[in-house]
K.L.:
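First the structure, then my questions, so here it is.
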Amino acid sequence: MPDVPSLPGAAKLGDRVANVFESGGLARSLPSFEVRPAQRGMAEAVSKTFEDGGVLLVEAGTGTGKTLAYLVPAILSGERVLLSTGTKNLQEQIYFKDLDILRDALGVPFTATYMKGRGNYLCLHRFESFRASAEGAGTVRLFGESAVQVFLPILEKWAEKTETGDRAEIADLPEDLPFWGEIAATSENCIGTECPQYQNCFVTRMRQRAAESNLVVVNHHLLCADAAVRQSAYGEVIPECHYAVVDEAHQLEDVATQYFGVAVSNYRFDDLVRDGERMIHPGMTGGQAADLQRVLDRLTARAHGFFGLLQQGIPVRSSQASESRVRVTSGALEPVYEEGALLMGALDNLEATAGLIRVAADTARTAGEPAPQDPLSLSRRAGELRDSLRFVMKASDPDYVYFLESRGRGLFLRAAPIDVSPIVREVLIDRMKATVLTSATLTVDGSFDYIRGRLGLNRPGATRCVRLSSEFDYAKQAILYLPRKMPDPRSPDFTAAAAREVLAILERSEGRAFVLFTSYAAMRAVQAIAELELRYPILVQGNAPRSALLQQFRTTPNAVLFATSSFWQGVDVMGEALSCVIIDKLPFASPGDPITAARIEAIANRGGQPFGDYQVPLAILALLQGLGRLIRHRDDRGVLAILDPRLRTMGYGKRFLASLPPATVIRDVNEIGRFFGRK
């Protein structure tokens, strides 16, 4: 890895970083740059952490310029630094924009690598196999003739010239291309160093570039997915780093919960069988081919029987929900034990059969004869799937919560860790010499205690905490509207009252708003009323991809976007296009959700107060993220509106109000029009 030279006359990292912010180099490269005390304070804290080691938690309010505050020390440290973001947008901004600016401003050489999840990259070995079978009738029936005929030639031309194998290079490639999963370089399908394309593999080359870079830019999903498979020989792609910056750290617990769990689904079995059938190769003996097909047919029948009985015994879908989750126990799974045992036996047979085929394939290759390349992957995957099925069927580990999830046509039996703090500490914090975790929303009641406990950072003296206020003047730039009178959110009258308030606010803001809901049902109900009465363009989550909706919102005058949780964070719309954010209810996590319920129980069993210690802090941070969409620049002005009366009627409402930006509170909806200078 190339070293980053020190600036003349400055020995310590902190001195060099301070010199950058004081010397005017950033101002020359960034015409809009101005010295911000909070930004300098954060840069100093990050520098000290890199020099001394340990963990730094830093809350940097919106407008601080926290990205530059950690990038400058990371570059000048000369170490390989892992940068992880919560969103793809920020990851791209850092790599494609901020680093180019800093390369010019700092005048020092450094290298960086941008890393995505393995599923974004083409697997040359699987692509070769897919092309060989694409002319067969089976593939055409399975994936649709038009998809294969239209996009396979495009992929073939691209594969000949691409340097990265990143599917994002093909602008017109559909996000839901039916056969991409069959040619992607996922860890589950990887056969590691035994792959004939290992040296040319795009993932191998990406990892080699990262191992030679000063900065490795990833996102939390890749960070956790990579850590979860680090013990295997095939999945790891992020090189060893001893310094890390985790931006948008408030998202880390949720992402870790997703990736450090165990799951089996009908999709995993379908993929396994399909790959097994593709492995049937002219180089196999007739007996081997027949044995493998027989084992795969038996596995298909057992999987269909198991998931059919599982869904029949544990209903998971309501009439209004496309996704639902139901908590399960070992007792609830007893009716499917026999089918589960038979399914595990079918996986045993596949593991053994693929192992025998592998031995025969090795012998054939030694003799210079054609042989299938994937029996190792097939055997390994069958064994891993069997072990996962056994674990979730037992449903007995007290550190996990077990639940059945229905999503689209998929049925997932999952086990999720109840407490990820020891996992985060082991796989991330303890591996690093220095770790910086930052976000605009980390404190509750002015304290870092909540986030420290959730991420395993509460060892005495082990974590430094720095809180930096926003650079924005909320007293002048924003007002907070709380309606004088609203029904209880649990009342059947709430939705109609919320719709009336939304319409009244939007008339005075002239649209230009996000209306954020805590549920799809509430969104649809208010949307139905608004579409009849509102005179401004309405965009609705679910009608188009998120990126397309945001682009349409930015370019459509006076647009209004109706959305739910996925638009509460990681969305930036600067300027007058977004002048109002309306939130219907306080975003409490549903106590009926299996993970939330298990965490509530765990806190209660420890003698804690689940509502005050967990549910309220979690909702406060979610609310702050939603409201944070509004003021993104010093010139922005806007209205924050919260329709939930519990801010005033319940004792815990004071905790929410104390955490909100210091904007002027209004109760008269007509004040909104006056704020925008209208009668």
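Starting from 1, each residue takes its place in the sequence as its number. All values below were derived from every heavy atom in this structure, side-chain atoms included, with hydrogens, water molecules and symmetry-related copies excluded.
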K.L.:
Could you pull out all residues at least two apart from Y520 that satisfy ring-ring contact (aromatic ring centres under 6.0 Å, His included)?
P.N.:
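For Y520 there are no ring-ring contact (aromatic ring centres under 6.0 Å, His included) partners, ignoring immediate neighbours.
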K.L.:
Could you list the residues that satisfy side chain to side chain contact (heavy atoms under 4.5 Å, CB included) with L124, not counting sequence neighbours?
P.N.:
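In terms of side chain to side chain contact (heavy atoms under 4.5 Å, CB included), with neighbours along the sequence ignored, L124 is linked to L122, Q197, N200, F202.
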K.L.:
Taking salt bridge (charged side-chain N to carboxylate O under 4.0 Å, His left out) as the cut-off, I'd like each qualifying pair that reaches into residues 254-269, sequence neighbours left out, listed once.
P.N.:
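Applying salt bridge (charged side-chain N to carboxylate O under 4.0 Å, His left out) to every pair that reaches into residues 254-269, excluding sequence neighbours, yields E188-R268.
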K.L.:
Taking only residues two or more places apart in sequence, or in another chain, which ones meet R554 in a salt bridge (Lys or Arg N to Asp or Glu O under 4.0 Å)?
P.N.:
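Checked R554 against salt bridge (Lys or Arg N to Asp or Glu O under 4.0 Å); zero matches.
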K.L.:
Which residues satisfy the ring-ring contact (aromatic ring centres under 6.0 Å, His included) test with F260, sequence neighbours excluded?
P.N.:
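Here no residue qualifies.
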K.L.:
For E160, check salt bridge (Lys or Arg N to Asp or Glu O under 4.0 Å) against everything at least two apart and list the hits.
P.N.:
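Here no residue qualifies.
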K.L.:
Quick one: list whatever passes side chain to side chain contact (heavy atoms under 4.5 Å, CB included) with F96, sequence neighbours left out.
P.N.:
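Expected list: E92, Y114.
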K.L.:
Residues in ring-ring contact (aromatic ring centres under 6.0 Å, His included) with F403, at least two apart?
P.N.:
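ring-ring contact (aromatic ring centres under 6.0 Å, His included) list for F403, sorted by chain: empty.
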K.L.:
Who are the side chain to side chain contact (heavy atoms under 4.5 Å, CB included) partners of R431, not counting sequence neighbours?
P.N.:
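Here the qualifying residues are R230, E240.
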K.L.:
Please list all pairs passing the salt bridge (charged side-chain N to carboxylate O under 4.0 Å, His left out) test where one or both residues lie in residues 296-313, with sequence neighbours left out.
P.N.:
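Residue pairs with at least one partner in residues 296-313: there are none.
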K.L.:
If the condition is ring-ring contact (aromatic ring centres under 6.0 Å, His included), which residues does Y70 pass it with, not counting sequence neighbours?
P.N.:
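With neighbours one apart ignored, the set is empty.
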K.L.:
Return the set of residues passing side chain to side chain contact (heavy atoms under 4.5 Å, CB included) with I101 (not counting sequence neighbours), or none when no residue passes.
P.N.:
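So I101 forms a side chain to side chain contact (heavy atoms under 4.5 Å, CB included) with S29, L30, K97.
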